[in-house]
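Worksheet: one structure, shown below.
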Amino acid sequence: MWRNWAGDQRCAPAAVERPGSVREIAAALERAAAAGQRVRVAGSGHSFTDAACTDGRMLRLERMDRVLDVDRASGLVRVEGGITVHALSAALAAHGLALENLGDVDAQTIAGAISTATHGTGARLRNISAQVEAVELVLADGSTRVCSARDADPTAWQAARVSVGSLGVIAAVTLRAVPAFTLRGVDRPAPLGETLDRLEELGAENDHFELFVFPHCDTALTRTNNRVEEPPRPRSRASAWANDVLLTNHAFHAFCLAGRALPRFIPALNRTVTRLAGSSTRVDRSDRIFASPRLVRFTEMEYALPRERTAEAVRRVMALIPRRGFAVPFPIEVRLVAADDALLSPAHGRPTGYVAVHMFKGMAWEPYFRAVEAIMDDCEGRPHWGKRHFQTAETLRPRYPRWDDFQAIRAQLDPGGRFGNAYTDGVLGSLSNVRVEG
Ligand SMILES: Cc1cc2nc3c(=O)[nH]c(=O)nc-3n(C[C@H](O)[C@H](O)[C@H](O)COP(=O)(O)OP(=O)(O)OC[C@H]3O[C@@H](n4cnc5c(N)ncnc54)[C@H](O)[C@@H]3O)c2cc1C
């Protein structure tokens, strides 16, 4: 039985394999073909959707976690697909390099992170997949295909960067890293209305700006991370633990448990958490500022919106929660991301604002998420591929100007539909010739 991080997506693969090389991936694919099975690669299981699930053959790339090549001068770094973002960041730091932006955890594999267009925040910065220069795929017939930014026709590269596991096994990627940098991270509360009014401005003024707001509160918890020419000042282990684990996780967990047991107290609890949040400043290596431990289990939905509709969407979600009486002990999160050109990137072709809603483990999420999704639909939203949503290929196709180009590459690279699962059947549609030959 395989489970995702949140523990709410499970599957029983017919077989699980842990290949250690491209040749072993090809052999696993041959066995899948002989058994008439479809194939999924599971990364770290950090998707909230069933993106990695299969009842066919599951591949895990934990043994393919090496840094293969580092060119400090160009910043080009070639790594195996199973390396985690955490291990990659540590390896890059040892070479004086870093990824220009990260999400808020670093447990994902690099292949899993790019496959769903994992992003951080930064109005001028694109998602992680946009830092990918080449993707090395092992296709259903065991052959390898390199999709590179330098191809005469870059369409396959634009498809392979964000492909929800549907084109082949990502054995390796080449990323463009940047010189290592220090960030000053400042967390502080600010009035919500004013912060939303100034969202564009705050995005422009800061390298990385995001905000959290608890339902029933009129104070936003803002986070600004800016580059500084200072050496990192890492916190002591005790201080990091007190803040990241004790306060951010254990104390918050206690509030969530109280809210789950006594939902009518959630508005008061949310206001208390907001009051306790306070201000803090840290100066540290970029990856240590971006990512922090997440020990409280939850599920999540996140939508990519045209940037100019972000504040409106947040206001509508904030109004929806008391109106419909939803019990929500988790904050709404707002991040900004630059446009990119991956065919299935939710930020494809437009400056984007991401709005995320969460629900504590064991609490009803579906009515809340469906009501939020109606607002996101109305605001031209595109869902995060790794987070919950209720869209289908039919509802998604009109939202992606190059949807059909992606499908053409999919039909070309995986004509037999070997790399599908129930999730891709739903959100990408079955290829008309999806038939797994035994
Ligand atoms: C606590 C938490 C915090 C998060 N924070 C953020 C955030 O800040 N920003 C954000 O955008 N997202 C965030 N996410 C979502 C997460 O980044 C994505 O769901 C990401 O795809 C997970 O990567 P993974 O390695 O766990 O891959 P999985 O979830 O295991 O798989 C994701 C997809 O990638 C495919 N895949 C994985 N490896 C390969 C491979 N080698 N070849 C082909 N396909 C492959 C899988 O088949 C699947 O379709 C968060 C999730 C959690 C649980």
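Nothing here was measured: the structure is a model prediction, and the numbers come from that model. Below, each value reflects all heavy atoms present in this structure, side chains not excepted, and no hydrogens, waters or symmetry copies.
- In terms of the salt bridge (charged side-chain N to carboxylate O under 4.0 Å, His left out) criterion, Arg188 has no residue partners (sequence neighbours excluded).
- Nearest heavy atoms, Phe209 versus Leu199: CE2-CD1, 3.8 Å.
- In the model, Arg388 has a side-chain atom that pairs as donor or acceptor with a side-chain atom of Thr299 under 3.5 Å.
- Under the rule for a salt bridge (charged side-chain N to carboxylate O under 4.0 Å, His left out), the partners of Glu312 that lie at least two apart in sequence or sit in another chain are Arg309, Arg316.
- Note that OG1 of Thr310 is 7.5 Å distant from CD of Glu308, once rounded to the nearest 0.5 Å.
- Listed by first and then second residue, the side chain to side chain donor-acceptor pair (under 3.5 Å) pairs involving residues 168-177 are Glu133-Arg176 (not counting sequence neighbours).
- Remark: Glu194 pairs with no residue by the side chain to side chain donor-acceptor pair (under 3.5 Å) rule, at least two apart or across chains.
- For residues 321-334, every residue pair satisfying the salt bridge (Lys or Arg N to Asp or Glu O under 4.0 Å) rule, not counting sequence neighbours, is listed here: Glu333-Arg335.
- For an aromatic pair to be called close, the ring centres must be under 6.0 Å apart, and His208 with Phe290 satisfies this.
- A donor-acceptor contact closer than 3.5 angstrom is absent between the side chains of Asp405 and Thr155.
- The salt bridge (charged side-chain N to carboxylate O under 4.0 Å, His left out) check on Arg233 picks up Glu230, with sequence neighbours excluded.
- Under the side chain to side chain donor-acceptor pair (under 3.5 Å) criterion, Thr395 pairs with Gln391, not counting sequence neighbours.
- Rounding to the nearest 0.5 Å gives a distance of 9.5 Å between CG of Leu336 and CD of Glu210.
- Arg72 is linked by a salt bridge (charged side-chain N to carboxylate O under 4.0 Å, His left out) to nothing, counting only residues two or more places apart in sequence or in another chain.
- With no hydrogens or angles considered, no side-chain donor-acceptor pair links Asn206 and Asn225 at under 3.5 Å.
- Residue pairs meeting the salt bridge (Lys or Arg N to Asp or Glu O under 4.0 Å) criterion with at least one member in residues 345-356: none, sequence neighbours excluded.
- Between Phe390 and Phe369, the ring centre distance reaches or exceeds 6.0 Å.
- Cation-pi check for Arg161 over Trp157 is met; the charged atom lies under 6.0 angstrom from the ring centroid and within 45 degrees of its normal.
- For residues 78-88, every residue pair satisfying the side chain to side chain donor-acceptor pair (under 3.5 Å) rule, not counting sequence neighbours, is listed here: Arg66-Glu80, Arg78-Glu136, His86-Asp106.
- Residues forming a side chain to side chain donor-acceptor pair (under 3.5 Å) with Thr352 (at least two apart in sequence, or on another chain): none.
- Taking the six-membered ring for Trp, Phe252 and Phe330 have ring centres closer than 6.0 Å.
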Side chains of residues 359-367: which donor-acceptor partners sit under 3.5 Å, not counting sequence neighbours?
unit_1, atom_1, unit_2, atom_2, d
Glu366, OE2, Arg370, NE, 2.8
Glu366, OE2, Arg370, NH2, 3.0

